[in-house]
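Below you'll find the structure, written out as structure tokens, and then a few comments.
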Amino acid sequence: MPEITVILPDGSKRTLQEGSTAADLAMDIGSNLAKAAIIAEINGTEVDLLTPLENGSSVNIITGDSEQGLETLRHSTAHVLAQAVLDIYPEATFAIGPPIENGFYYDFAIPNDEAIKEETLEKIEKKMKEIVEADQTFIRGETTVSEALTMFSQHPYKCEIIETAEATEVDDDEIISFYRNGDGFVDLCRGPHVPSTGKLGHFKLMSVAGAYWRGDEKKPMLQRIYGTAWATKKQLKEHLERLEEAAKRDHRKLANELDLLSFPSELGGGLAVWHPKGSQVRKLMEDYSRQRHEDGGYEFVYTPHIANADLFKTSGHLDFYSEGMYPPMEMDNGEYYPKPMNCPMHCLIYRSGTKSYRDLPVRLFELGTVYRYERAGTLHGLMRIRGFTQDDAHIFTTEEGLAEEIGNLLEFVMSVLQAFGFKDFTFNLSTRNPEKSVGSNEIWDHATRALQEALESHGLPFSTKIGDAAFYGPKIDIDVADAIGRSWQLSTIQLDFNLPERFNLRYINSAGERKRPVMIHRALMGSIERFFGVLIEHYAGAFPSWLAPVQVSVLPVAEEHEEYAKEIITELEKENFRVQFVRADNPLGKRIRDVKTQKIPYVLVVGNEDVEAQTIGVNPRGGEVERGIPITDFIARLTKEINDQL
RNA sequence: GCCGGGUUAGCUCAGUUGGCAGAGCACUUCUCUUGUAAAGAAGAUGUCGUCGGUUCAAUUCCGACACCCGGCUCCA
């Protein structure tokens, strides 16, 4: 029997009988690997395990441990989902079903637009389990475009995919591949797949939702079933636990439980009222922001909430973004719009006097409240809201001063966000979209280079998003990772070549010539509301002492200790701590429980022993109870803790 | 805006195949006087999201609207 030799990823060689498949190779290496194997990579191309090997090929056996393996697993699970749905709804037609982060989805059109109910998901899941149980082999087939069109003639979306594939991909030979398993289920697919459905099994259907065909709102809406799938039962369990953890941190739930803010429906969608406790935290956030901006060389400004339509004609907002603006109010001398951005007004402030190059950079800062009309279906707690406040600044600088200003800004952003417990930053540089942008190539090149150099000179790794810039200039977006590893885009630094033109902004340079300043839009928290939502989830509602709306709760053991408790409170209030008194009207355990659910950093308990020794009992959030602490010690400790946090 | 689901006491939720609306927590009062995550008793609490329709009768069935939730689309 002739033999072939293949090369493994570590460079070693392995000899097999001719005609051996990747699966045979996996088995030859070890039965555990054969069991874990999902697909193979031959000479860098992902293929099914049943693909025969050729002499001299480099072969890598892919398992569910790798991203590639998981993707295949999820993709194959999506196939089984489609198989189950078509079994239950024989008249249904199916569209696409790719792997996504943590799972997969598949889009279907059900006859007569019958809705797939959440309850039906259980039925579908049961059917999928049967298919997995049956351990059906995935068999790859290949055919021509015209035959594929016949094969899928009952499925118009599949036909559209085949036709589009023909038009765009132009494979050498226009071969369309498909996979067959079970009793005649066929799906159009590039592959590869797991060898058989028995390899699957650690999955769960999550939800059903509407989704436009090809993501186009002009095209029909299909029904999308989402699922999650993992290589092991443990991974699936852990994923579901992560979802539970995220649900526990949901800012909408916590904002309600902790009495921070609410969205009364009479107020209208996407509009919040801040309760005293939420307002306390917000005030601390804003005070901190103001202090840092003051130290950072910013000048504070205030601008009105509405403006004449002329302003937004000048700025271009009415031309470009009127759909996202609240409708105008008719007034004696024209139309007035609630402002969707602060920048036009900041431009007016800049323009109010002649600027010399010696005045630059001008940094105007405002906690500016803006109103944007977000479509009804897009609203989402504090994360997507119709009225919000930006920690907004506009910096007007010379072209020469740009790189340095950007560099300082990057440092500033990180330094401010660190106070809120964010340590992992990701930087994204967005470059010009030539289809949709203003300004010369020269100015874009120069500005993009300035952004890139600032990132590089500060040693900050970044990814480039080509064509992702706004029409008016390139930008750097900054994402942070929260306490449970989720990423949030918070800060943005955007260059603008458009507004300085439109508002005819100028400064006089050292040679006495009129020059155009460069404008930088930047926000650190972005929207205070959204940032607050992120903070609630990041801290799971347990704000660090410097931010906590109530820092200390003081509980007398019995009524006779109330007087002493109030003396303690007086001492703490002298130090400007935010303190709450809980009178002895309930058993101590009950009162402790009540304040603990409010996630207050310190619960102080005082009883006979404390009155006698002039001490307190300290019950810190997430810590052990300590008895007999002198109040001065506690004050020193809390003061230090807060200073360390900032 | 689109698809699907939802809205009952301050909160979390049960319920009515169309016939006087319920629980737990919270709240009020009283009793208990407490040493680290739920003491006991009594009391009060509702436009059953809004407006219209069907009906002898609607919280329940139908329609429109508002708001919320899961997605899609959008996001200067």
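The analysis underlying the following values was restricted to heavy atoms, covering all of them including side chains, and did not include hydrogens, waters or symmetry mates. Every chain is numbered from 1 and lettered A, B, ... according to where its sequence line falls, protein lines coming before strand lines.
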Practice item. Quote, to the nearest angstrom, the C1' distance that separates B:G43 from B:C61. Key: 37 Å
**Study point:** G-U wobble or Watson-Crick pairing nucleotide for B:C74 (cut-off 3.5 Å, both distances)
**Key:** none
Check your understanding: Hey, does A:Ala584 reach any base, or is it just sugar-phosphate, or nothing, if we go heavy atoms under 4.0 Å?
Key -> base
Exercise for review: Write down the distance between CD1 (A:Ile385) and P (B:C67), rounded to a whole number of angstrom.
Suggested key: 14 Å
Point to revise | Residue pair A:Tyr212 / A:Arg214, side-chain donor-acceptor N/O under 3.5 Å | key: no
Check your understanding: Expressed as a whole number of Å, how far does the C1' atom of B:G10 sit from that of B:C48?
Key -> 16 Å
Check your understanding: C1' atom, B:A38 versus B:G19: distance in rounded Å?
Key -> 40 Å
Review point. Parallel, tilted or perpendicular: which describes the rings of A:His305 and A:Tyr371, with under 30° parallel and over 60° perpendicular?
Key: tilted
Check your understanding: Reading nucleotides 70-76 of chain B 5' to 3', which nucleotides get B (base under 4.0 Å from a protein heavy atom), which S (sugar-phosphate only), which -?
Key -> BBBBBBB
Check your understanding: Roughly, in whole Å, what's the span from CG in A:Asp259 to P in B:U12?
Key -> 13 Å
Check your understanding: What is the base-pairing partner of B:G63, counting Watson-Crick and G-U wobble geometry with both distances under 3.5 Å?
Key -> B:C51
Review point. According to the interplanar angle, ranging from 0 to 90°, do the rings of A:Tyr326 and A:Tyr373 count as parallel (below 30°), tilted (30 to 60°) or perpendicular (above 60°)?
Key: perpendicular
Check your understanding: Which one, B:U33, B:G4, B:A38, comes nearest to the side chain of A:Ala115?
Key -> B:G4
Point to revise | Under 4.0 angstrom between A:Asn256 side-chain N/O and B:U12 OP1 or OP2 | key: yes
Practice item. Select base, sugar-phosphate, or nothing to describe what A:Gly628 touches, counting heavy atoms under 4.0 Å on all strands. Key: nothing
Revision key, fill the gap. Contacts of A:Gly589 and A:Ala376 projected onto RNA chain B by closest heavy atom; the upstream (5') one is A:Ala376
Point to revise | Atom C1', compared across B:C65 and B:A26: separation rounded to whole Å | key: 33 Å
Practice item. Any strand is fair game: report the nucleotide pairing with B:G22 by Watson-Crick or G-U wobble, both distances under 3.5 Å, or none. Key: B:C13
Check your understanding: When the P atoms of B:U28 and B:U45 are considered, how many whole Å apart are they?
Key -> 16 Å
Review point. To the nearest angstrom, how far is A:Leu604 atom CG from B:G35 atom C1'?
Key: 13 Å
Check your understanding: Over how many whole Å does the gap from A:Leu121 atom CG to B:C3 atom P extend?
Key -> 19 Å
Exercise for review: Determine whether the side chains of A:Ser545 and A:Arg578 contain a donor N or O and an acceptor N or O closer than 3.5 Å.
Suggested key: no
Point to revise | B:G35 base / A:Asp610 side chain donor-acceptor hit below 3.5 Å | key: yes
Check your understanding: Does any donor atom in the side chain of A:Ser207 or A:Glu118 lie under 3.5 Å from an acceptor atom in the other side chain?
Key -> no
Point to revise | Whole-Å gap separating P (B:C68) and CE (A:Met383) | key: 15 Å
Check your understanding: Hey, is the side chain of A:Lys117 poking within less than 4.0 Å of OP1 or OP2 on B:G5, counting only N and O atoms?
Key -> yes
Practice item. Give a yes or no on whether a salt bridge exists between A:Lys339 and A:Glu366, defined as a side-chain N under 4.0 angstrom from a carboxylate O. Key: yes
Practice item. Using the P atom as the reference point in each nucleotide, state the distance between B:U17 and B:C25 in Å, no decimals. Key: 28 Å
Point to revise | Identity of whatever pairs with B:G4 - Watson-Crick or G-U, under 3.5 angstrom | key: B:C69
Point to revise | Rounded interatomic separation in angstrom, taking CD from A:Glu560 and P from B:C32 | key: 14 Å
Exercise for review: Please measure how far the P atom in B:C69 lies from the corresponding atom in B:U8, and state the result in whole Å.
Suggested key: 14 Å
Practice item. State whether a side-chain donor-acceptor pair under 3.5 Å links A:Arg432 with A:Ser437. Key: yes
Practice item. Could you state the atom-to-atom distance from CD1 of A:Ile600 to P of B:A37 in whole Å? Key: 15 Å
**Study point:** B:A14 and B:G6, which share atom name C1', separated by this distance in whole Å
**Key:** 16 Å
Check your understanding: Which part of the nucleic acid, if any, lies within contact of A:Asn608, taking any heavy atom under 4.0 Å across all strands shown: a base, the sugar-phosphate backbone alone, or nothing?
Key -> base
Review point. Given side chains that start at C-beta, do those of A:Ile225 and A:Ile116 come closer than 4.5 Å, heavy atoms only?
Key: yes
**Study point:** Pairing partner (Watson-Crick or G-U wobble, both distances under 3.5 angstrom) of B:C27
**Key:** B:G43
**Study point:** Test item: side-chain donor near acceptor, A:Gln390 and A:Ser527, under 3.5 Å
**Key:** no
Check your understanding: For the pair made of NZ in A:Lys596 and C1' in B:A37, what is the distance, rounded to whole Å?
Key -> 8 Å
Practice item. Tell me the partner of B:U33, counting only Watson-Crick (N1-N3 plus N6-O4 or O6-N4) or G-U wobble (N1-O2 and O6-N3) with both under 3.5 Å; none if nothing fits. Key: none
Check your understanding: How is A:Gly270 classified with respect to the nucleic acid when contacts are heavy atoms under 4.0 Å: base, sugar-phosphate, or nothing?
Key -> sugar-phosphate
Review point. Counting any heavy atom closer than 4.0 Å, what does A:Asp594 reach on the DNA or RNA strands: base, sugar-phosphate only, or nothing?
Key: nothing
Check your understanding: Does the side chain of A:Asp477 come under 3.5 Å of the side chain of A:Asn428 through a donor N or O and an acceptor N or O?
Key -> no
